[in-house]
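Values below: every heavy atom of this structure, side chains too, minus hydrogens, waters and symmetry copies.
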Amino acid sequence: MLRHQDRHGEARRLMTTAAADVEATGLRTDAAAAAYAQTLCTLAYTAARGGQRAETLAMVEEARRSARRLPGTPPPGRLFPISPAAVDLYAVGVHWGARRRGTALEAGKDLRPEQFPTAERKAGLGTDMARAWWAWNRPEQTARALLDAHRASPGEVRDRPAVRSIVNELAERPPHTIGVRALRAAVVSAG
């Protein structure tokens, strides 16, 4: 809530305290490790939104270390159902936000939609990777990632202005980019 009110400093302080409290338990169980990793991911994103690049990168890397021991699929009922793949997806977004696009692509290179249980997360993989590919001026990879996102959850592509902007820019490029025509048609016909 604090982050959405542009109170980044307060949000960071609260999340830092929460992360330290969870870490102090010794992280002896997968549930504690998952809570710690989720808290660090949220803290990394909060720090990124507040312009704290060094803190952002440190938190996401610590979250990745903590998540390594977690199962690929969280058990049913887990309070923080995070997996190593979900942490890597956070890393993609955090690195992209920190303008480390190559690192974002590296963080996401082994991620696959089937690693995520919800359509929103599957689409998030596509849109986050598309933004990183777009920043590297790779229109075919961008279009492919956006088509994957659209297949998972059309609204994640159609209803997000920043993503629609990429689709529109792709459509203005030479027509030989594979997938752009289909992507543009899907977004325009639904909008």
Side-chain angles (χ1 to χ4, degrees), residues 34 37-38 40-42 44-46 48-49 56-57 59-61 63-64 67-68 70-76 78 80-191:
Q38 181 65 66
L40 290 172
C41 286
T42 303
Y45 187 79
T46 300
R49 297 284 305 204
T56 297
L57 301 177
M59 292 299 110
V60 80
E61 288 310 311
R64 290 176 91 188
R68 283 187 193 132
L70 298 175
T73 303
R78 169 137 319 141
F80 296 99
I82 197 159
S83 66
V87 172
D88 285 344
L89 183 54
Y90 267 97
V92 171
V94 166
H95 286 300
W96 180 85
R99 299 190 182 279
R100 296 177 52 147
R101 279 51 182 256
T103 306
L105 291 171
E106 181 65 25
K109 72 177 181 171
D110 294 324
L111 295 177
R112 302 289 171 262
E114 56 272 7
Q115 293 174 293
F116 301 98
T118 67
E120 177 190 19
R121 289 287 180 221
K122 292 172 196 272
L125 169 61
T127 58
D128 284 358
M129 291 300 289
R131 291 185 314 178
W133 283 120
W134 186 243
W136 273 63
N137 196 29
R138 299 290 198 278
E140 287 185 20
Q141 292 90 338
T142 302
R144 189 169 33 252
L146 288 174
L147 282 167
D148 288 346
H150 188 269
R151 277 189 289 276
S153 178
E156 291 294 312
V157 176
R158 181 189 62 231
D159 301 336
R160 294 176 63 196
V163 176
R164 275 187 77 117
S165 175
I166 293 172
V167 172
N168 291 334
E169 289 179 44
L170 276 168
E172 293 171 4
R173 291 195 169 214
H176 64 276
T177 301
I178 297 170
V180 171
R181 189 177 286 158
L183 177 63
R184 177 83 172 133
V187 170
V188 169
S189 70

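- Annotation: side chain of Tyr45 is not in contact with side chain of Thr56 (no heavy-atom distance under 4.5 Å).
- For Asn137, the side chain to side chain donor-acceptor pair (under 3.5 Å) test picks out Arg173, with sequence neighbours left out.
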Donor-acceptor contacts under 3.5 Å from residues 84-97 side chains, at least two apart:
from	atom 1	to	atom 2	distance (Å)
Asp88	OD1	Arg64	NE	2.7
Asp88	OD1	Arg64	NH2	3.0
Tyr90	OH	Gln38	NE2	3.1
Trp96	NE1	Arg131	O	3.3

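- With hydrogens and angles disregarded, a donor-acceptor distance shorter than 3.5 Å links the side chain of Arg164 to the backbone of Arg158.
- Judged as a side chain to side chain donor-acceptor pair (under 3.5 Å), and not counting sequence neighbours, Thr73 has no contacts.
- In terms of heavy atoms, Ala182 sits closest to Leu147 at C-CD2, 4.5 Å.
- Taking Pro113 as the reference, Lys122, Leu125 meet the side chain to side chain contact (heavy atoms under 4.5 Å, CB included) condition, with sequence neighbours excluded.
- Among residues two or more places apart in sequence or in another chain, the side chain to side chain contact (heavy atoms under 4.5 Å, CB included) test is passed with Pro161 by none.
- Applying the side chain to side chain contact (heavy atoms under 4.5 Å, CB included) criterion to Ala149, with sequence neighbours excluded, gives Ala123, Thr127, Val157.
- For the pair Trp134/Arg101, no side-chain contact is recorded, criterion being any heavy-atom separation below 4.5 Å from C-beta on.
- The main-chain N or O of Thr142 is never found under 3.5 Å from a side-chain atom of Arg144 such that the two would form a donor-acceptor pair.
- The closest side-chain heavy-atom distance from Gln115 to Leu111 is below 4.5 Å.
- Contact detail for Ala152 and Ala119: the closest heavy-atom pair is O-CB, 3.3 Å.
- Put simply, CG on Leu105 and CZ on Arg100 are 12.5 Å apart, with the number rounded to the nearest 0.5 Å.
- Shown here for Ala143 and Val180, the closest heavy-atom pair between the two residues is CB-CG2, 3.9 Å.
- In this structure Asn168 satisfies the side chain to side chain donor-acceptor pair (under 3.5 Å) test together with Arg184, sequence neighbours excluded.
- The side-chain heavy atoms of Leu170 and Pro139, taken from C-beta on, include a pair separated by under 4.5 Å.
- Residues passing the salt bridge (charged side-chain N to carboxylate O under 4.0 Å, His left out) test with Glu106, sequence neighbours excluded: Lys109.
- No side-chain heavy atom of Leu57 sits under 4.5 Å from any side-chain heavy atom of Thr103.
- The two residues Met129 and Ala104 have their closest heavy-atom pair at SD-O, 4.3 Å.
- Applying the salt bridge (charged side-chain N to carboxylate O under 4.0 Å, His left out) rule to Arg160 yields the partners Glu156; only residues at least two apart in sequence or on another chain are considered.
- Of the inter-residue distances, the one linking Ile166 atom CD1 with Trp133 atom CH2 reads 14.0 Å to the nearest 0.5 angstrom.
- By the 4.5 Å heavy-atom criterion applied to side chains, Pro74 and Ile82 are not counted as neighbours.
- Taking Arg151 as the reference, Asp148 meet the salt bridge (charged side-chain N to carboxylate O under 4.0 Å, His left out) condition, with sequence neighbours excluded.
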